[in-house]
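Working notes, beginning with the structure itself.
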Amino acid sequence: DVKVTQSSRYLVKRTGEKVFLECVQDMDHENMFWYRQDPGLGLRLIYFSYDVKMKEKGDIPEGYSVSREKKERFSLILESASTNQTSMYLCASRPERTFGRTEAFFGQGTRLTVV
Amino acid sequence: LAKTTQPISMDSYEGQEVNITCSHNNIATNDYITWYQQFPSQGPRFIIQGYKTKVTNEVASLFIPADRKSSTLSLPRVSLSDTAVYYCLVGDGPMRFGAGTRLTVKP
């Protein structure tokens, strides 16, 4: 059974802390993505990566950074957490298209609260 | 990257067939069309993907006309558990989900 695992389901951090959200996939997928989801705003793309050590900014990268040192792991870093980063964070992985379908798989999400 | 447009919300009743149409006027030649479903507090999950004409699986059907500028997700005989947000995506670039279509199935 394919799996994308996020390190925490719920997380509470203080303003100003450096926060690491970890995502690991066991499907040898090339592409990985980080999103945040807020009520009424849908899924918004923060960063994505198409390969190891590669990263691209999504639509809302401000206040975040990422790391992809190994193919299976894609980490989202909040450099200095702020209350407006309280949200549900979702990680996804997807294979490169060779032939046939390419479906993305999502982790269970991390609900982060910054106080 | 092809932009998609789909209705914000739809209501249906149990047992009815639901059709959600997505418009993607600037779809590229090599782009596939993919639909995802999302329940509250969960990540989206893949429903169906197609390139042209019709694709059917155990969950849904996907209809794509010859010009490929739109696609229609068809859910046969919906139940209350089909209440969810449905997203249409086009292409293999970075996945941008937009607002999706919030389907509410009523008893």
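Quantities reported herein were computed from a predicted structural model and do not represent experimental measurements. Sequence lines set the chain letters: A, B, ... in the order given, protein chains first and strands last, and positions in each chain run from 1.
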For this session: Please round to the nearest 0.5 Å and tell me the distance separating atom CZ of A/Phe105 and atom OG1 of A/Thr5.
Result: 13.0 Å

Problem set entry | Ring center gap for B/Phe97 and A/Phe106 short of 6.0 angstrom | yes

Exercise. Is it the backbone or the side chain of A/Leu90 that comes under 4.5 Å from a heavy atom of chain B, or both, or neither?
Worked result: side chain

Exercise. Is the distance between the ring centroids of B/Tyr36 and B/Tyr87 less than 6.0 Å?
Worked result: no

Exercise. Considering heavy atoms only, which positions within residues 30-42 of chain A lie below 4.5 Å of chain B?
Worked result: A/Phe33, A/Tyr35, A/Gln37, A/Gly42

For this session: Dump the intermediate steps for side chain to side chain contact (heavy atoms under 4.5 Å, CB included) on A/Lys13 and A/Thr113, then the final yes or no.
Result: CA-CA 6 Å; A/Lys13 295 292 182 181; A/Thr113 302; over 6 Å; no

Exercise. Is a side-chain N or O of A/Thr110 found less than 3.5 angstrom from the main chain of A/Ser8, in a donor-acceptor match?
Worked result: yes

For this session: Can you tell which part of A/Arg94 gets under 4.5 Å to a heavy atom of chain B, answering side chain, backbone, both or neither?
Result: side chain

Problem set entry | Flag for B/Ser70-B/Thr21: side-chain donor and acceptor within less than 3.5 Å | no

Exercise. If you check every heavy atom in residues 45-53 of chain A against those of chain B, which residues fall under 4.5 Å?
Worked result: A/Leu45, A/Phe48, A/Tyr50

Exercise. Which residue pairs pass the disulfide (SG to SG under 2.5 Å) test with at least one member in residues 28-87 of chain B, sequence neighbours excluded?
Worked result: none

For this session: Kindly state each residue pair satisfying disulfide (SG to SG under 2.5 Å) with at least one member in residues 54-90 of chain A, sequence neighbours excluded.
Result: none

Exercise. When you check the gap from the basic side-chain N to the acidic O, do A/Glu79 and A/Lys18 get nearer than 4.0 Å?
Worked result: yes

Seminar exercise, completed: Scanning both residues in full, the closest heavy-atom pair of A/Ala92 with B/Met95 reads CB-CE, 4.2 Å

